[in-house]
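What follows is a short report on a single structure.
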Amino acid sequence: MENFYAMLKATNISKSYGNSHALKDLNLTVQSGEIYSLLGANGAGKSTTINMFLGFTEPDSGTVTIAEKDATKQAAETRKFIGYIPENVNLYPYLSGIENLDYFCRLAGLKYSTGELQDFLTTCGLQSEAHKKKVSGYSKGMRQKVGIAIAYAKKAKVYLLDEPASGLDPLASNELSELLRKLAKEGASILMATHDIFRAREVCDRIGILKQGNLVKELKSEEVTANELEQLYLEYMKN
Amino acid sequence: MWQIIKNEWQFLGRSRMLLGISFAFLLILVLAVFLGSQQKQKQSEAYQTAQKHLRQQWENIDAMNPHSAAHYGTYVFKPTSLLSSLDEGVNSITGNVLRVEGHVQNEIVHSEASQMQAISKFGKLKSSLLLQYIVPLLLIFLAFHSVSSEKQSGRLKLLVLQGAKPFQLVLAKTLSVWVYGIALLAVVVLVYGLMNLQYLNGEVLGRTAFFFLSYALYYFVVSGLTVFFSARWQNATVALTSMLGIWILWTVFLPNMLMSSVEKWHPLPSRNEFQAAMKEDRSKGIDGHNPSDERGKALEKATLAKYGVDSISQLEINFDGLRMQADEEYGNQVWDKHFGNLREVLGKQKQTYQIGGLLNPFISLQNASMGFTGSDNLHHQAFLVQVEHYRRGFIKTLNDEHAFGGSKTGDWGWKANNDFFKSVPDYQYQPAALATVLPNYIYDLGLLFFWAIGISFFLFFGAKKMSIA
């Protein structure tokens, strides 16, 4: 992992849907081992940015690269590095956590023993009693953990998270933050879209504020307190 | 792809509701097969008993004038083919019993039998009803949300990120639903085979294989098209509505619309027209019952010349028998002409109807299903022709006995003895061999293949355009 220089890079990307501009000349870089948070209101362009890195949305102009590979044109290759955790990790409810993990790993061509799969789930914070329970009985937090375990087992170098903490209780949210820090420490590049200012301040290295498709402010989280960040965010939203 | 299929089957295996529906449906299928098989067996036994009884009656004729025996006649039964209980086809309309009598040929049309393609299957619990109408419905219900649910839940992104290609995904979904249909079909065929183990032979197995292939192709078309809609539309309800609309169009409206059009394009004469034409042509022949008939006089003259005598009374043979056979042969020519015309029209109707398979694979399935189970109109026509051949031989034997058996002209009281009646051969049904009839259904099979390949292309290009984000 240390040798892998994972990097997310968006250079002058713009995207419009009809007359509506989702992104305007966005420039963004996430280094290896860094957690970057995109803050913004609904429709600010957070999910569009993530979809571009996933290779599902093509920019009208500009380039999106992952480890210097074009995320649109070489999507099949860049997707191998990506772990994606959406707001709601919808797993197969009739399968257990470990079966879901096994299934998604096999799709990626990875075959793990039951012990290894259990290790992944445990590492991602899912208690062992839950491993073999059907996902239909899981809380949202537990499903998020399986989602992260899927990315972790894939040995993802890049984690893209779209509102991952939305709807999580404080404990589950805390566990998620710890897990993300752990992954970053291992060298992963993490880009997280969120509304949660305090969580962003707590867990991320850098924060970008998106407003109507424009990256209006970028700052290091250590430069501001949570309250200052909230004030800053509100000011940008009002103006 | 195998992983996706396996996962879909895990879903089927773990859904209590689906398992319950599948189990109940399997029971109904097995019941339909069992009832069909029982009915066929009972019908077969009844026919055999009746045939035996009629033959006994015939062989017990102590002494009778051959011409009276020709009018006494007999009946022949078409043994229902082993597979016809899977698809009854036109049998319920045409019936399986024909009268064999002098001067009287059996008609093929002017009954519901002329509606040889569009036969409603509703109303009876038959394997074909379940296999043609209900199984596809089940496949539609299984497949309509297969891809849209992945989209709506957001799993589709995850699946693609994990390396699943969209085409792999839609194909795997199609195959997993298709295999479900195949499993139901296999149960039907297997149960049927086990119930009729003693009758299985190469012919039956060959027909069963083609029967199976036809349904397998149709189920692929239905599964694939439903998955295509599921992938195409964001909303599962739209996919379901679209597919149900197509199901109704294919199974109810198009077959009836097409059949009505085919009957207009290639009309059959009405019963009155047909009978009048037959009567007119027949009147130009010899009236076997009317000695003063002009053409009868000509035959008499030729016969007297042949035997070198001056009058009928000097003949060693019975001229009445010759006259009746001549009348019969003329009647046969008339029948061949008119029946030939009808068969030509029916053939055109069949061909035109088959082309409808281009628009509606259900038409091809119905044709192939009835054809391979030996219960379609072509098989029935073949039976009619066989019976007519038998009737001609039967009547000729009686007329020959009348002419050459030892009686003199005008001796209507003369009777042939029991040995003669016993010597008249009984009717033996020769079922049409698969190799002979296969060309009739190649077009239907070809169209089903065409549809299956077309649907594969749909899936391929549909998957490419599928919205994932």
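Residue numbers begin at 1 in each chain, while the letters A, B, ... track the order of the sequences. Note that the structure is predicted; figures quoted are calculated from it, not measured.
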For this session: With a 4.5 angstrom heavy-atom cut-off, could you sort out which part of B/K165 is near chain A: side chain, backbone, both or neither?
Result: neither
Exercise. Salt-bridged, A/K15 to A/E58, with N to O below 4.0 Å?
Worked result: no
For this session: Sort A/Y103 into side chain, backbone, both or neither according to what part of it lies under 4.5 angstrom from a heavy atom of chain B.
Result: side chain
Exercise. Can A/K140 be said to sit on top of A/Y138's aromatic six-ring, NZ or CZ under 6.0 Å from centre and within 45° of the ring axis?
Worked result: no
Exercise. Tell me, side chain or backbone of A/L110 under 4.5 Å from chain B's heavy atoms, or both, or neither?
Worked result: neither
For this session: Quick one: sort the A/Y152 and A/F120 rings into parallel, tilted or perpendicular, breaks at 30° and 60°.
Result: perpendicular
For this session: Heavy-atom distances under 4.5 Å only: say whether A/E99 touches chain B with side chain, backbone, both or neither.
Result: side chain
Exercise. Side chains of A/L28 and A/F53: closer than 4.5 Å at any heavy-atom pair?
Worked result: yes
Exercise. Checking heavy atoms, do the side chain of B/Q168, its backbone, both or neither come under 4.5 Å from chain A?
Worked result: neither
For this session: Take the angle between the ring planes of B/F210 and B/F372 and call it parallel below 30°, perpendicular above 60°, tilted in between.
Result: parallel
